[in-house]
Protein chains: 2
Amino acid sequence: MNKSYAITLDNPGIEESLRIIKKSIERKAAIIVVGNCWVKYRGRAKSRLEPGERIIIIKEDGALLIHRPVGYEPVNWMPGGEIIYHIETIEEGSRPLLLIRSIRRHPRETVAIYFDQIFLISAFKLVDEGEFSLYASEEDMQKAILLNPSIIEDGFKPIEYEKKVEPGFVDVYGVDKRGRVVVIEIKRRTAGREAVLQLAKYVKAIKTSIGREVRGILAAPQVSKEALTLLESLGLDFKKVDPKKCSEIVHAMSEKKITDYFQSSKQKLLPLK
Amino acid sequence: MNKSYAITLDNPGIEESLRIIKKSIERKAAIIVVGNCWVKYRGRAKSRLEPGERIIIIKEDGALLIHRPVGYEPVNWMPGGEIIYHIETIEEGSRPLLLIRSIRRHPRETVAIYFDQIFLISAFKLVDEGEFSLYASEEDMQKAILLNPSIIEDGFKPIEYEKKVEPGFVDVYGVDKRGRVVVIEIKRRTAGREAVLQLAKYVKAIKTSIGREVRGILAAPQVSKEALTLLESLGLDFKKVDPKKCSEIVHAMSEKKITDYFQSSKQKLLPLK
DNA sequence: GAGTGGATTTCGCAT
DNA sequence: ATGCGAAGTCCACTC
């Protein structure tokens, strides 16, 4: 191994733990502590966690995670950013404890962790420049529809996207082959009642605004049964759109091409009113 | 230390890592791996994470966390539950890699982690029976209002809570001192436009359903300016309620008392229609 | 700094 | 299994 800073201690004492954690925070290393602890949180809410064996991680940006042996979510935490740490040893009766206090302002909140037994401390200066890319988001679906409008239907022409129209933002706004105004609401997962109501609001708002008929299309991989009923009763359309295919379309094109498209299409935008 | 299962290895080889991780998963221990890795995720979406040094945790319930050196959230993960692991060593060129595959159905998704270097493996059978209690949640606010309705206003009498009324669930439903029907929407933080619209929907739905006037009250510590304007224009009321005070009220009472209250109040419930 | 909407949200609860 | 809303949500983005 060739790491600038790497420490691992099995069953360290409280004093030794204090020293290593302080040093590791100074060095901006990621710290892992496994041991028996209890936790108090005060801030937006207030919580108390009774003693038990947990894994805690302190990251170089101050992020704090307290993980129980089960579950994806930390039981207590502090998001990264402007976090201050106070580490000290205290005596409870004649028993030494390690107290880790994590403090942030904005909002003001603190997490206090009391360890009476530590199984492991390990700290590393981690180097991670790796890029992370996520595909098949709602954004991809929108891009794919704008780049390839026939996904929605033949002859559909997008005019605007992310257009503010008082109740909120319309995902895509355009005209169909017969020249009718079309409003599209995109959902990357099963669309529920909420999505239909949102679409209906936009349709109504634009109808009022432009004074003629407006078609509403819900573009999603699926709709819930309730949403489908609602769609039909409101005279809105559903178009099944596969997020993955959208993602493939978008990621098959170079980033430059897409940027260019959105640059040029901006000049073609029609005012909504 | 007195743990039934605890292993820590500094800079283990790929083969040794494989063996230890398999064994630790069998034993349902929590596993920590620190090393250089890259990650592919496929499922509801698709993602790729290029090589870098990270901390990964596999918990006894199968939950998987992949943490970069900064940030509160895992870059990739798998929630606990019905997760299957396949661990193997593979050759890339002449270089041995450790491949950890985490698979779940419902929804079908997989995370594949490739390690080419491992700095640390540590596994523990953790014992954690500690109780977790959270105060000042929306639930506390609801309980406090039901137990002590004068929080809302003098003479208010709750009748139901968490009542399904087509657009969703009404937080609290009751009557005021003049006998008018009251619907309460609770928010534990600054209430925005969204909260007001939600309340308005419930008021409208119930008005239609019972055919007489319905008051709507938004109970929250604060409202946004826009939300306040909207409230006024819709003829809805705002009542400032402090979540922490609510929590104090609730937690000052014994759990039994509260349970008894909710038991008895259920018998007093009036049908909503 | 506040407000708004999305998330591979997760989690829990009710249908 | 599905649907719906809350969360100490967090996060990114706008005003």
Side-chain angles (χ1 to χ4, degrees), chain A residues 39 41-47 63-64 66 70-81 104 106-111 132 134-142 162 164 167-169 171 186-195 198 222-227 243-244 247, chain B residues 39-47 63-66 71-81 104-111 132 134-142 162-164 166-171 185-195 197-198 222-228 243-244 247:
Chain A
V39 184
Y41 157 73
R42 264 212 99 136
R44 285 167 291 181
K46 196 170 128 185
S47 77
L64 169 70
I66 301 171
V70 296
Y72 144 87
E73 288 182 320
V75 57
N76 283 108
W77 70 90
M78 208 66 110
R104 87 161 155 163
H106 318 304
R108 169 77 187 184
E109 44 190 357
T110 62
V111 173
F132 178 71
L134 177 68
Y135 314 99
S137 58
E138 184 170 314
E139 196 188 357
D140 280 349
M141 292 176 71
Q142 192 190 58
E162 291 302 333
K164 178 98 184 175
F169 289 87
D171 287 335
I186 301 170
K187 289 290 165 213
R188 65 169 302 287
R189 297 185 298 170
T190 304
R193 188 170 40 74
E194 204 75 5
Q198 207 169 322
Q222 241 184 316
V223 275
S224 68
K225 214 197 287 181
E226 198 189 350
K244 285 186 194 174
S247 150
Chain B
V39 184
K40 292 176 192 174
Y41 157 73
R42 265 213 97 133
R44 286 166 294 181
K46 196 171 127 185
S47 75
L64 169 69
L65 305 165
I66 302 172
Y72 144 87
E73 288 181 318
V75 57
N76 285 107
W77 71 89
M78 207 68 112
R104 85 162 156 163
R105 287 72 155 52
H106 317 306
R108 168 78 187 183
E109 46 191 355
T110 62
V111 173
F132 177 71
L134 177 69
Y135 312 97
S137 58
E138 182 169 316
E139 196 187 320
D140 279 352
M141 291 177 70
Q142 192 189 57
E162 292 303 329
K163 179 65 194 171
K164 176 103 185 173
E166 228 4 80
F169 289 86
V170 167
D171 287 338
E185 176 65 28
I186 302 170
K187 289 291 166 212
R188 66 168 301 288
R189 295 186 299 171
T190 304
R193 188 168 44 75
E194 205 75 6
L197 292 172
Q198 207 171 321
Q222 241 184 317
V223 274
S224 72
K225 218 197 282 182
E226 198 189 349
L228 187 60
K244 288 186 190 175
S247 152

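Letters go in sequence order (proteins before strands), and every chain restarts at 1.
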Gap in Å between the two P atoms, one belonging to C:dT4 and one to C:dT8, rounded: 23 Å
Pairwise P distance, D:dG8 and D:dC4 [rounded to whole Å]: 23 Å
Scan [X] against the nucleic acid and name what it touches under 4.0 Å (heavy atoms): base, sugar-phosphate only, or nothing.
X	answer
B:Val223	nothing
B:Phe132	nothing
B:Gly192	sugar-phosphate

Heavy-atom closest pair, residues A:Ala227 and A:Ala191: CB-O, 3.6 Å
Heavy-atom pair with the smallest gap, counting every atom of A:Gly80 and B:Tyr72: N-CB, 4.2 Å
Qualifying residue for salt bridge (Lys or Arg N to Asp or Glu O under 4.0 Å) with B:Glu109, from B:Lys40, B:Arg42, B:Arg44: B:Arg44
DNA chain C: 5'-proximal contact among B:Ala45 and B:Glu194 (nearest heavy atom): B:Glu194
5' precedence on DNA chain C between B:Ser47 and A:His106 (nearest-nucleotide basis): A:His106
Under-4.0 Å side-chain N/O to phosphate OP1/OP2 contact, B:Arg188 with D:dT9: yes
Tell me the interatomic distance from [X], atom [atom1], to [N], atom [atom2], rounded to whole angstroms.
X	N	atom1	atom2	value
A:Leu134	C:dT9	CG	P	9 Å
B:Ile186	D:dA6	CD1	C1'	12 Å
B:Tyr41	C:dT9	OH	P	7 Å
A:Arg193	D:dG5	CZ	C1'	11 Å
A:Gln142	C:dA7	CD	P	11 Å
B:Glu139	C:dG12	CD	C1'	10 Å
A:Glu138	C:dG6	CD	P	6 Å
B:Tyr135	D:dA7	OH	C1'	18 Å

Per-nucleotide protein contact string for nucleotides 10-15 of chain D, where B marks a base within reach and S marks sugar-phosphate only (heavy atoms under 4.0 Å, - for neither): SS----
Residue whose closest nucleotide on DNA chain D lies nearer the 5' end, A:Lys225 versus B:Lys187: A:Lys225
Along DNA chain D (nearest heavy atom to each residue), the more 5'-positioned of A:Lys46 and A:Gln222: A:Gln222
Residue pair A:Glu138 / A:Asp171, side-chain heavy-atom distance below 4.5 Å: yes
Flag side-chain contact, heavy atom, 4.5 Å: A:Ser47 against B:Leu134: yes
Over 12 foreign heavy atoms within 6.0 Å of CZ, B:Arg105: no
Out of D:dG3, C:dG3, D:dG8, whichever nucleotide has its closest atom nearest the side chain of B:Ser224: C:dG3
Shortest side-chain distance from A:Thr190, nucleotide among D:dA6, D:dG3, D:dG5: D:dG3
Derivation of the side chain to side chain contact (heavy atoms under 4.5 Å, CB included) call for A:Val39 and A:Val75: CA-CA 10 Å; A:Val39 184; A:Val75 57; over 6 Å; no
